[in-house]
Amino acid sequence: MSVTVVIGRRAQPGAGERLLRTARELFATRFARDASFRAARILQQLDDPDRFYFMAEWTSRAAYWASMGNDPAYSALDALSVEPATRGFFQRVSVIEDAGRCAELVRAILVDLVHSTAAVEIERRRALWPRLQRLPAFVFQHLHQDLENPRRLLFVYGWTDAPGMLAGHEHVKEWLGLPERRQGEMAITFQGYARLRLSRLPGQRSGVPA
């Protein structure tokens, strides 16, 4: 079973671009030499260029930890960061994607459910596909479930631009009946620019957005 590793980092004040360059080089090197590294995104917070969200898909959690090794790039990332990175391990349970569009902005929403309603919440969002594909700015909806806590879900949406992202999420809220039908605590944990995408997955492109 593949896993998605979600890593949060905050750069030292003003060191965001250096951290971004270091992370890009590290991801590209690992992607070239390790086939178990299947896909990745590097996101830079929309209103805080020193805050980053890395999302990487590996064939297994063991493959991810084995890749760490003694690469000096990790020490460089730590030196450029304010504090140690945060990590979460998720299973991707649903993918809806328009392969003809490129995501410039990504919003991640973390939900901690009060009850064991994860399957219901996932199906509700899967059912949005016919409506999502009609939104002009929609690129993808990826749904993830925490491997340690099945009541914790991560919904990741990609959009072509900021106005489209904001308008799109208003539609999603309306279609889902939020917040009235919310079954737990929900927070927008990250929204930012897509700074790097790597992928070996079918139908997905790799590259660095302009």
Side-chain angles (χ1 to χ4, degrees), residues 2 4-8 38-49 51-57 88 90-113 117-146 151-210:
S2 65
T4 299
V5 187
V6 179
I7 302 168
R38 303 181 66 203
R41 294 181 188 274
I42 294 179
L43 310 176
Q44 187 174 26
Q45 177 70 22
L46 195 62
D47 56 358
D48 182 355
R51 186 178 173 214
F52 294 87
Y53 215 45
F54 305 152
M55 303 186 69
E57 183 166 333
F90 293 80
Q91 175 187 5
R92 189 161 61 170
V93 294
S94 178
V95 176
I96 296 172
E97 188 153 352
D98 185 335
R101 298 175 184 171
C102 182
E104 299 293 338
L105 287 160
V106 177
R107 176 179 282 187
I109 302 168
L110 189 67
V111 179
D112 281 303
L113 298 170
T117 55
V120 173
E121 291 298 311
I122 290 168
E123 283 306 314
R124 289 177 64 210
R125 283 162 176 78
R126 281 176 173 158
L128 294 180
W129 169 232
R131 295 177 175 180
L132 288 171
Q133 68 178 336
R134 293 195 293 269
L135 297 177
F138 173 78
V139 181
F140 67 78
Q141 175 189 255
H142 294 177
L143 309 182
H144 304 263
Q145 189 169 27
D146 194 308
R151 295 182 183 179
R152 177 170 293 163
L153 304 176
L154 181 66
F155 306 130
V156 185
Y157 292 84
W159 305 92
T160 59
D161 55 73
M165 177 180 70
L166 296 174
H169 275 278
E170 287 304 311
H171 285 297
V172 171
K173 286 169 60 179
E174 178 184 354
W175 296 334
L176 292 175
L178 300 175
E180 291 79 11
R181 292 181 61 184
R182 185 174 62 196
Q183 297 298 314
E185 292 301 316
M186 178 180 295
I188 297 174
T189 57
F190 198 94
Q191 55 185 7
Y193 300 103
R195 297 306 193 196
L196 176 70
R197 180 181 183 184
L198 301 170
S199 181
R200 304 182 201 277
L201 303 178
Q204 297 189 7
R205 300 184 300 266
S206 293
V208 180

Rounded distance [0.5 Å steps], CE in M55 versus CZ in R197: 11.5 Å
Contacts of type side chain to side chain donor-acceptor pair (under 3.5 Å), residue E123, not counting sequence neighbours: R126
Flag side-chain contact, heavy atom, 4.5 Å: L176 against L128: yes
From CZ (R124) to OG1 (T117), nearest 0.5 Å: 9.0 Å
Student check: side-chain heavy atoms of S2 and R38 closer than 4.5 Å: yes
For D161, all residues meeting side chain to side chain contact (heavy atoms under 4.5 Å, CB included), sequence neighbours excluded: A137, P163
Only distances under 3.5 Å count here; give the side-chain donor-acceptor pairs of residues 151-159 to other protein atoms, sequence neighbours excluded, each with its distance to 0.1 Å.
residue	atom	partner	partner atom	Å
R151	NE	S116	OG	3.2
R151	NH1	V114	O	3.1
R151	NH2	S116	OG	3.3
R152	NE	D112	OD1	2.7
R152	NH2	D112	OD1	3.2
Y157	OH	Q141	OE1	2.9
W159	NE1	H169	NE2	3.3

Distance-minimising heavy-atom pair for E97 and F140: CG-CB, 3.8 Å
From F54 atom CZ to I7 atom CD1, the distance as rounded to the nearest 0.5 Å: 7.0 Å
4.5 Å side-chain heavy-atom contact, Q44 and R51: no
T189 side chain vs A108 backbone, donor-acceptor pair below 3.5 Å: yes
Non-hydrogen side-chain atoms of V106 and F190 separated by less than 4.5 Å: no
Q91 backbone acceptor or donor facing Q145 side chain under 3.5 Å: no
Side chain proximity check, R41 to R195, heavy atoms < 4.5 angstrom: no
Side chain R200, main chain A39, donor-acceptor under 3.5 Å: no
Results of ring-ring contact (aromatic ring centres under 6.0 Å, His included) for F90 - residues two or more places apart only: none
Side-chain donor or acceptor of R101 paired with backbone N/O of F138 under 3.5 Å: yes
Residue pair Y193 / L46, side-chain heavy-atom distance below 4.5 Å: yes
Donor-acceptor side-chain pairing of T160 and E104 below 3.5 angstrom: no
